[in-house]
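Take a look at the structure set out below.
Everything numeric here is computed off the predicted structure, so don't read it as measured data.
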Amino acid sequence: EAARALLDIAADPAKTVTIIYAPNPVDAATAAAGARAAAGLAISLRGNKVAESLFVLPTEANVNGARDMGVDPERAPGRIAATETGMDFAAMVDAAMDGALKAMIVVGDNPIMFAPGAAKTRQALEKLELLVVIDSVLTDTAKLAHCLFADVPAYAKTGTFSSAERRVNRLHAALDAIGDARPALLALTDLANMLKTDVFTYDHPDAVTDEIAATVPGYEPFSAKFDRWGKLRAVAPAPVGAQPAAPSSPATAAAASTTTPPGQFTLTTGRTLYTSLEGAAIHSPDADKLHREEFVELHPADMAALRIDEGAEVTLVTEHGELTIRAKASDRVSEGVAFVPYYYDAGAICGLLSPSGTPTPVKAKVAALA
C-alpha cells in the first residue's frame with residue numbers, strides 16, 4: 001500500500017515526493033544500508049531531481065558542511081576521491097591501542113559519549129602520547145586531554161553551515177568570547193603555525209569563506225560577499241536529461257528477532273527530543289529538566305513477567321558493560337526489546353554496545369535490584 005501511494009504521488013505533476021532519512025547514530029553499517037535504500041527510493045521516484053528530493057539528517061548540525069570540506073578519510077574537499085586516504089574512527093582507535101597512532105586533535109567532538117564501546121575508546125585515548133581537545137564544554141573526552149583549548153559555542157562564531165537540503169547558511173557571532181575561550185579557528189591556526197611558520201594567515205573567518213568559494217567544488221558562489229544565504233544549494237541540479245543509475249539490486253535489511261529467552265532483551269537506542277546534548281555531555285542532572293527520558297523503556301508484558309515495578313531500578317548487562325537505570329513501561333517498544341535514550345548520562349548506553357558497531361542485535365540481561 002505504501003509503495004502504491006508513493007508511485008501515485010510521484011506520477012502526479014502537482015505533487016512532490018521527499019525522502020527524509022535520519023540514521024541511527026551508533027550503528028554505522030545499518031545507517032549506511034539505510035542511506036543506500038533511501039537513495040535508491042529517491043532515484044526511483046524522482047529521477048534526475050533526486051538531489052533536491054533526498055534529505056539525510058545526521059546526528060549533529062553541519063555534518064554535510066564538514067564532509068564537503070574534506071573531513072572524511074576517503075574524500076577531499078568537494079567530496080572528490082582523495083589521492084591519499086586516512087583512517088576512519090574505528091581504525092584510529094585500533095591504531096592508538098597498538099601504539100601506531102600517538103597523537104590526536106579532537107575538535108568539538110566527544111567520542112567517549114558517541115562511540116560504541118566506550119571502554120575501548122577511553123582506553124585508546126588514554127594510550128595516546130598527546131591528546132589535544134578543542135571544545136566549548138568540559139566533556140569526558142576533554143577531561144582526558146593533555147592540552148585543552150576552550151572553544152566558544154556555535155552562537156559566538158562567524159561562518160557558514162550546510163543544511164540537510166544542501167542550502168548554505170550564514171552564521172554571525174551573537175556574543176563575544178568569555179574568559180580564555182576562542183573560536184576553534186584561532187586555536188587550529190596557531191597550532192599549525194607553530195608546526196610550520198606562516199601556514200595560515202587568516203585575519204577573519206571571511207577569509208576562510210572566500211578560500212572555500214575559490215577551492216571547493218560546489219561552493220563557488222558562497223564567498224563572504226554572497227547575499228542570498230539560505231536560498232542556494234551547494235549541490236547543483238543534475239544536467240537536463242541526465243538520469244542517475246538506480247541500484248542494481250533491491251535493498252534488504254535483516255530483521256532482528258524479538259524472540260528472546262526470559263530476562264533477555266534486544267537492546268536499542270536512538271536520539272530523543274528533550275535531553276540537552278551539552279547538559280548530557282557534562283552529566284548535568286538537569287540535562288532533561290523534566291526527567292522524561294531517564295528510563296529504559298520495556299514492554300508492559302515484559303515488566304509484568306519479570307515483576308519489575310514502574311520506576312524500579314534495573315541493571316542492563318551485556319558482554320561489554322553494565323548500566324543501572326530506572327524502568328518505564330511503554331508500548332512504544334515491542335516485547336523482548338529494551339530502549340535506552342542515546343543521550344542519557346553522557347551516552348552511557350554506548351558502554352554496553354559493541355565497539356565494532358556491527359548491525360547484529362545486542363542482547364541485554366535485565367535483573368531487578370533488591
Pair [X] + [Y], salt bridge at N-O below 4.0 Å:
| X | Y | answer |
| --- | --- | --- |
| Asp8 | Lys15 | no |
| Arg170 | Asp206 | yes |
| Glu310 | Lys328 | no |
| Asp94 | Lys120 | yes |

Between [Y] and [X], is there a side-chain heavy-atom distance shorter than 4.5 Å?
| X | Y | answer |
| --- | --- | --- |
| Tyr344 | Ile325 | yes |
| Pro355 | His320 | yes |
| Asn64 | Ser163 | no |
| Ser276 | Asp288 | no |
| Leu138 | Leu148 | yes |
| Leu267 | Ile349 | yes |
| Lys127 | Leu101 | no |

With sequence neighbours excluded, what pairs up with Tyr342 under the side chain to side chain donor-acceptor pair (under 3.5 Å) test?
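Per chain and number, Tyr342 pairs via side chain to side chain donor-acceptor pair (under 3.5 Å) with no residue.
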Measure across [X] and [Y] and return the closest heavy-atom pair with its distance rounded to 0.1 Å.
| X | Y | value |
| --- | --- | --- |
| Ala42 | Leu54 | CB-CB, 4.0 Å |
| Pro217 | Thr215 | CD-O, 3.4 Å |
| Ala115 | Thr121 | CB-OG1, 3.7 Å |
| Val17 | Arg46 | O-NH1, 3.2 Å |
| Arg167 | Lys231 | NH1-O, 2.8 Å |
| Pro205 | Leu185 | CA-CD2, 4.2 Å |

Side chain to side chain contact (heavy atoms under 4.5 Å, CB included) partner of Phe149, chosen from Asp135, Leu191, Val133:
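With Phe149 as partner, side chain to side chain contact (heavy atoms under 4.5 Å, CB included) holds for just one option, Leu191.
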Test of understanding: with salt bridge (charged side-chain N to carboxylate O under 4.0 Å, His left out), list the residues that count as partners of Asp210, not counting sequence neighbours.
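Asp210 satisfies salt bridge (charged side-chain N to carboxylate O under 4.0 Å, His left out) with no other residue.
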From Thr160, Asp68, Thr209, residue fulfilling side chain to side chain donor-acceptor pair (under 3.5 Å) relative to Tyr219
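Passing option: Asp68.
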Spell out, yes or no, whether [X] and [Y] are grouped together once hydrophobic residues are joined by side-chain heavy atoms under 4.5 Å, including indirect joins.
| X | Y | result |
| --- | --- | --- |
| Val168 | Met69 | yes |
| Ile212 | Phe226 | yes |
| Val132 | Met92 | no |

Crowding at CG, Asp180 (>12 non-hydrogen neighbours, <6.0 Å)
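Atom CG in Asp180 is not packed in, count stays at 12 or less.
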Give a yes or no on whether Leu175 atom CG has more than 12 heavy-atom contacts from other residues, nucleotides or ligands under 6.0 Å away.
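Above 12, so yes.
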Kindly say whether [Y] contributes a backbone atom to a donor-acceptor pair with the side chain of [X] at under 3.5 angstrom?
| X | Y | value |
| --- | --- | --- |
| Ser330 | Leu298 | no |
| Thr318 | Leu352 | yes |
| Asp151 | Ala184 | yes |
| Ser334 | Val337 | no |
| Arg166 | Ala234 | no |
| Asp72 | Arg67 | no |
| Thr269 | Val340 | yes |
| Asp88 | Ala91 | yes |

Any chance the side chains of [X] and [Y] put a donor and an acceptor closer than 3.5 Å?
| X | Y | value |
| --- | --- | --- |
| Thr18 | Ser53 | no |
| His299 | Asp331 | no |
| His291 | Asp286 | no |

For a salt bridge (Lys or Arg N to Asp or Glu O under 4.0 Å) check, start with the C-alpha distance between Asp190 and Arg182, then their side-chain angles and the critical distance, and finish with the verdict.
CA-CA 11 Å; Asp190 284 353; Arg182 300 189 303 159; 3.0 Å; yes
Whether Phe200 and Tyr202 hold their rings parallel, tilted or perpendicular, with breakpoints at 30° and 60°:
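Phe200 vs Tyr202 ring planes: parallel.
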[atom1]-[atom2] distance between [X] and [Y], expressed to the nearest 0.5 angstrom:
| X | Y | atom1 | atom2 | result |
| --- | --- | --- | --- | --- |
| Glu297 | Thr272 | CD | OG1 | 9.0 Å |
| Leu57 | Glu165 | CG | CD | 10.5 Å |
| Ile112 | Leu144 | CD1 | CG | 4.5 Å |
| Glu293 | Phe339 | CD | CZ | 8.0 Å |
| Leu131 | Glu126 | CG | CD | 10.0 Å |
| Leu186 | Ile134 | CG | CD1 | 10.0 Å |

Can you name the residues that form a ring-ring contact (aromatic ring centres under 6.0 Å, His included) with Tyr274, not counting sequence neighbours?
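Partners of Tyr274 by the ring-ring contact (aromatic ring centres under 6.0 Å, His included) criterion come out as none, since no residue qualifies.
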